[in-house]
Protein chains: 2
Amino acid sequence: MTESEAAAKFTALAHETRLRLFRLLIVNAPHGLPAGKLAEHLAVAPNNLSAHLNVLSHAGLIAMRKAGRSRIYTARMDTIGETISFLVDECCQGHPEACQPAMSALNSSC
Amino acid sequence: MTESEAAAKFTALAHETRLRLFRLLIVNAPHGLPAGKLAEHLAVAPNNLSAHLNVLSHAGLIAMRKAGRSRIYTARMDTIGETISFLVDECCQGHPEACQPAMSALNSSC
DNA sequence: TCTTCATTTCAAAATAAGTTGAAATATCGA
DNA sequence: TCGATATTTCAACTTATTTTGAAATGAAGA
């Protein structure tokens with residue numbers, strides 16, 4: 001992953017609505033939810049939500065499949081994993097103790 | 001951490017210069033580097049870098065200490081750990097297999 | 001104290017991102 | 001095919017972020 005691709009992923013998460021959206025999709029992985037349900041859940045206008053879904057999609061953080069007249073969005077767990085790895089990539093070089101706080105926070109969530 | 005605090009942290013990482021800056025500080029944890037060295041390393045004007053350091057500081061992702069006329073910045077590994085946990089917080093509820101890709105990416109980096 | 005060095009602050013200009021309402025597309029069931 | 005439903009697209013407007021150059025701060029050494 002390049003720095004600019006990674007920055008695009010963080011940009012996608014750098015908005016309260018999109019962050020809530022992404023976390024909602026994580027909770028609903030791997031099934032996903034249709035755009036309409038997402039808009040309802042987050043209390044956002046459908047056209048506004050569509051723009052946000054577009055940002056997350058382009059960043060590769062979510063995927064979409066069609067089902068009838070709905071479009072179902074899902075979180076891409078692979079991409080988020082790569083993004084986190086990219087961020088903390090070289091955190092242990094030389095000073096393993098420096099990255100302990102990050103690692104322990106993570107192990108307790110998943 | 002609230003959604004808006006988390007979004008502020010992602011905003012801080014959502015810029016190529018700041019992302020490079022933060023990763024540079026991770027590689028140099030826990031010592032850190034002075035503002036001048038950071039500007040030199042990243043080939044960015046000192047005043048511009050100062051603005052970016054300010055964004056990362058306010059987000060709580062980096063810390064600063066003074067040493068003579070330099071200001072030394074360090075990555076806050078505790079905050080980044082909390083931020084990542086917040087993001088993938090409920091990823092294992094119901095469907096543990098969904099978060100495997102993210103977890104394995106992480107374990108292999110640190 | 002004067003000068004230099006390291007860095008920040010400020011305000012203006014430039015660029016980018018988000019929101020809105022109206023119109024378009026595309027699928028479904030009658 | 002027609003009307004209803006689900007969602008996206010577009011363009012305008014609004015708001016926020018980034019960059020720039022010049023000036024300010026503050027510590028160190030002569």
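Here is the naming used below: chain letters follow the sequence lines, and residue numbers restart at 1 for every chain.
In this structure, the CE atom of M64(B) is 10 Å from the C1' atom of dT7(C), given to the nearest Å. The distance from atom CD1 of I72(B) to atom C1' of dA27(D) is 14 Å, rounded to the nearest whole Å. Rounded to an integer number of Å, the gap from L33(A) CG to dT7(D) C1' is 15 Å. Atom CG in L19(B) sits roughly 16 Å away from atom C1' in dT18(D) (whole-Å rounding). Across the protein-nucleic acid pair, L49(B) atom CG and dT20(D) atom P stand 13 Å apart, rounded to whole Å. When rounded to the nearest whole Å, the span between NE2 of H58(B) and P of dT9(C) equals 9 Å. Look at NZ on K37(A): it is 15 Å from C1' on dT7(D), rounded to the nearest Å. Atom pair E16(A):CD and dA17(C):P shows a separation of 19 Å (rounding to whole Å applied).
Each of K66(A) and N47(A) was matched to the nucleotide of DNA chain C holding its nearest heavy atom; the match closer to the 5' end belongs to N47(A). Nearest-nucleotide mapping onto DNA chain C: of A45(A) and G36(B), the residue sitting toward the 5' end is G36(B).
The nearest pair of heavy atoms linking T74(A) to L25(A) is C-CD1, 4.3 Å. Contact between A39(B) and L49(B) at its shortest, heavy atoms only, is N-CD2, 3.6 Å.
Taking the six-membered ring where the residue is Trp, F10(B) and F10(A) present parallel rings, their angle staying beneath 30° rather than reaching 60°.
Contact annotation: R18(B) reaches the phosphate of dT18(D) (side-chain N/O to OP1 or OP2, under 4.0 Å). Note on H15(A): a side-chain N or O is less than 4.0 Å away from OP1 or OP2 of dT19(C). Applying the 4.0 Å criterion to OP1 and OP2 of dA6(C), one finds that Y73(B) has every side-chain N and O outside that range. Within the structure, a side-chain polar atom (N or O) of H52(A) is placed less than 4.0 Å from OP1 or OP2 of dT19(C).
Of the candidates dG26(D), dT8(C), dT8(D), the closest approach to any side-chain atom of R69(B) belongs to dG26(D). Considering only the side chain of P34(B), dT7(C) comes nearest among dT7(D), dT8(D), dT7(C).
Counting distance only, with no hydrogens placed and no angle test, the side-chain atoms of N48(A) and the base atoms of dG18(C) include no donor-acceptor pair under 3.5 Å.
Without hydrogens or angle criteria, R18(B) side chain to A12(B) main chain gives a donor-acceptor distance under 3.5 Å.
In summary, of the residues considered (T79(B), L87(B), T83(B)), a side-chain contact (heavy atoms from CB on, under 4.5 Å) with M1(B) occurs for T83(B) alone.
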